[in-house]
> 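Sharing a structure with you now.
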Amino acid sequence: MRRGVTASLGVAMAVSVALALGACGKPSEPPVEPTPAEEAETPEAEVEASEYEGTLLTAYEQKVVVTGDQGDLEFTTSSGTLYDMGDYGQMYLDDVVAVTYHEDADGLHADQITLVEHMETPLEFAGELVGQGANYITIAGKDASATFMIDEDTYLVGDLSAGDKIELTYLGNLNEFPYANVVAVVEEAKEAEEPKERTIHGIVSELSGRTVLVSIDSAHAYRFTITDSTEISGASTHILLGDTVDVTFKGDIEKEPDALRVKVAKSSTGRAYVINGTIKNVGNGTVTLETAKASYTFKTDSGTKYNGEKPATGYLAEITYTGELGNNPKALVIYCAKSGEDASKKDKKKEEEKKGEKKDEEKKDEGKDDPQPTPTPTPELTPTPDPEPTPEPEPEPAPEPEPEPEPAPEPEPQPDLVVVGQGTIVKMNGFEDYKVDDADEDGKADEDPTENTVEVKLKSGETIILKFDDDTKIAAGYFPQPGDVVEVTYGSTSLQLKEIKLLNRTVEPDEETEPEGDETPTPDEGEQEPAEDEGAEG
């Protein structure tokens, strides 16, 4: 056992730095200055000095008591007493000290007090046991949660179980893996009662699907499940990496309990929003997005994440951001779903339209040529002149060609909003030749299906048909089937299924169900139904 472990916490009293200035008394009392008479009594001649080493028992009213091999010795101090406290800067009761002293008319006078060994004093902590391991326990206290290291020297009183009320003494800093030297169970958890709500305080270090990992220090973290009934409040209604949170739960913290409530005490980046549109410009540290209402410029930096295609002018994009639109919002994630026409293609199209208009004008000019003059007939010198030839009809001008209709302007692409919904799979279409072979590490299917769709009936009663392809994310080892209750993430315009998660499976994959037989038995193979008598009606 470490020395000083069983000492009472109330005994510890610091001999403050003021002692070095000659005020050895209670911390709340003013220093006691020596009187002129005391100064006059100090002999100018050298006196024989002695040394006594022991444990500092008391320090009050310019007196210290040290116990050692000669028992308890009391020494007087004055403004001339020197103090050597090493790197600690102060002394505590139970510290080992060496007193250099001489005898005078009033007894033993301390010339110098030197700190030989600092004896660390244990502190107290109380709370509820929420987790334990081979060499640590985690206690949820009134104002904070802390993890304490334990070993074979830790004195345990009672058997430790989750939910027990614990009182302990420890050495060290609460935030730096303190050592618990005494751990006592003062009240056992009642198994028959409903588990009580408990709360831990920490920082979100990981987000994965519907789980959140909360770290209470650099070595201990606990995972919680976020359900549909989990209440999220505080600085944000979204949980982000780096958020400081208070998680309230029931049950064993080591078994990934459901989070009843999550209060975001401090948001790492502020509340996040999502906007869709077309990229108008990509600048140095900025991206401008054009939406149906207006254009907005977002700041980007080394922390901005990019998914999909590299941002470029004309590309459709979804931007997750913090801040206010129009006030330099910061882009957290930029996802380019697909590309549109860039400026160069549009310019080329305009040039082709101009060439077409030029050709139309030339065709119009060709139809306006002057007609040829009618030739004058020459009369023959005969008594009976031949009838004049019928003049050739003037050629009618060619009809003007109808101008080609201008192509209708392409409609502006509508933003494909990302929607999350829950419902039941009604039908799987086009999956006869489609297999999911253990899914890749990214959770995407190996093969490329064509025209595969999933028909889902949402909780609202609406039935939607979603496109399923190799970009659809699914969990490894899971393939959707009718009857599954799922959460689907899809595009509002494209109805492209981006991700599907299983919430509840009504029929296990390996469960074989017998088809319900028809009430009317099917005739055996080869057995023919009797033919009707054709002459019966006659």
Side-chain angles (χ1 to χ4, degrees), residues 1-124 149 153 169-182:
M1 294 291 290
R2 302 183 183 184
R3 188 175 181 186
V5 160
T6 58
S8 172
L9 300 180
V11 175
M13 181 181 71
V15 181
S16 65
V17 179
L19 292 178
L21 302 177
C24 181
K26 296 181 180 179
S28 60
E29 295 178 355
V32 179
E33 298 294 338
T35 62
E38 289 176 338
E39 293 181 352
E41 290 176 0
T42 304
E44 295 181 1
E46 294 185 0
V47 293
E48 184 178 355
S50 302
E51 185 175 287
Y52 186 66
E53 182 174 320
T55 301
L56 182 62
L57 292 183
T58 59
Y60 64 96
E61 296 180 353
Q62 292 189 305
K63 293 181 182 179
V64 295
V65 176
V66 177
T67 183
D69 54 4
Q70 299 180 25
D72 297 349
L73 295 185
E74 182 179 271
F75 302 91
T76 60
T77 62
S78 66
S79 60
T81 301
L82 301 178
Y83 294 87
D84 183 1
M85 292 175 276
D87 297 332
Y88 288 95
Q90 50 188 332
M91 293 180 185
Y92 294 85
L93 300 184
D94 293 336
D95 285 351
V96 178
V97 297
V99 182
T100 302
Y101 67 96
H102 67 271
E103 294 189 32
D104 57 17
D106 294 329
L108 305 180
H109 182 78
D111 300 317
Q112 180 170 327
I113 301 177
T114 303
L115 177 64
V116 176
E117 182 180 359
H118 174 66
M119 303 305 296
E120 193 171 9
T121 303
L123 304 175
E124 290 182 342
M149 307 307 294
D153 291 332
T169 57
Y170 68 93
L171 303 172
N173 192 319
L174 270 182
N175 299 321
E176 298 177 358
F177 313 112
Y179 172 78
N181 55 333
V182 178

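Just the heavy atoms: all of them, side chains too, but no hydrogens, waters or symmetry mates, feed the values below. Quick caveat: nothing in here was measured; it's all calculated off a predicted structure.
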> Using 0.5 Å steps for rounding, measure from the CG atom of Asn181 to the CG atom of Asp153.
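Taking CG in Asn181 and CG in Asp153, the distance rounds to 10.0 Å.
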> For the atom pair CD (Glu124) and OG1 (Thr169), what is the distance rounded to the nearest 0.5 Å?
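Here the interatomic distance stands at 7.5 Å.
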> Which atoms form the tightest heavy-atom contact between Pro178 and Tyr170, and what is the distance?
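Scanning both residues, the minimum pair turns out to be CB-CD1, 3.6 Å.
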> Check side-chain hydrogen bond (donor to acceptor under 3.5 Å, both in side chains) between Gln112 and all other residues, then give those that pass, not counting sequence neighbours.
Thr114
> Would you mind reporting whether Glu117 and Asp95 have side-chain heavy atoms less than 4.5 Å apart?
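SC-SC contact between Asp95 and Glu117 ruled out.
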> Working to the nearest 0.5 Å, report the span between OG1 of Thr77 and NZ of Lys63.
10.0 Å
> Can you list, pair by pair, the side-chain donor-acceptor contacts under 3.5 Å of residues 64-73, counting residues two or more places apart and other chains?
residue : atom : partner : partner atom : Å
Thr67   : OG1  : Asp72   : OD1          : 2.8

> For Gln62 versus Ser78, what's the shortest heavy-atom pair and its separation?
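That would be NE2-CA, 4.3 Å.
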> Is the shortest side-chain heavy-atom distance between Tyr83 and Val97 below 4.5 Å?
no
> Give the minimum heavy-atom separation between Ala110 and Val99, together with the two atoms involved.
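Ala110 and Val99 have their closest heavy atoms at CB-CG1, 3.8 Å.
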> Between atom OG1 of Thr55 and atom CG of Asp94, what is the distance when rounded to the nearest 0.5 Å?
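Rounded to the nearest 0.5 Å, the OG1-CG separation comes to 7.0 Å.
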> Identify, with sequence neighbours excluded, every residue that meets side-chain hydrogen bond (donor to acceptor under 3.5 Å, both in side chains) alongside Thr100.
none
> State the OG1-CD1 distance between Thr81 and Ile113, to the nearest 0.5 angstrom.
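Rounded to the nearest 0.5 Å, the OG1-CD1 separation comes out at 6.5 Å.
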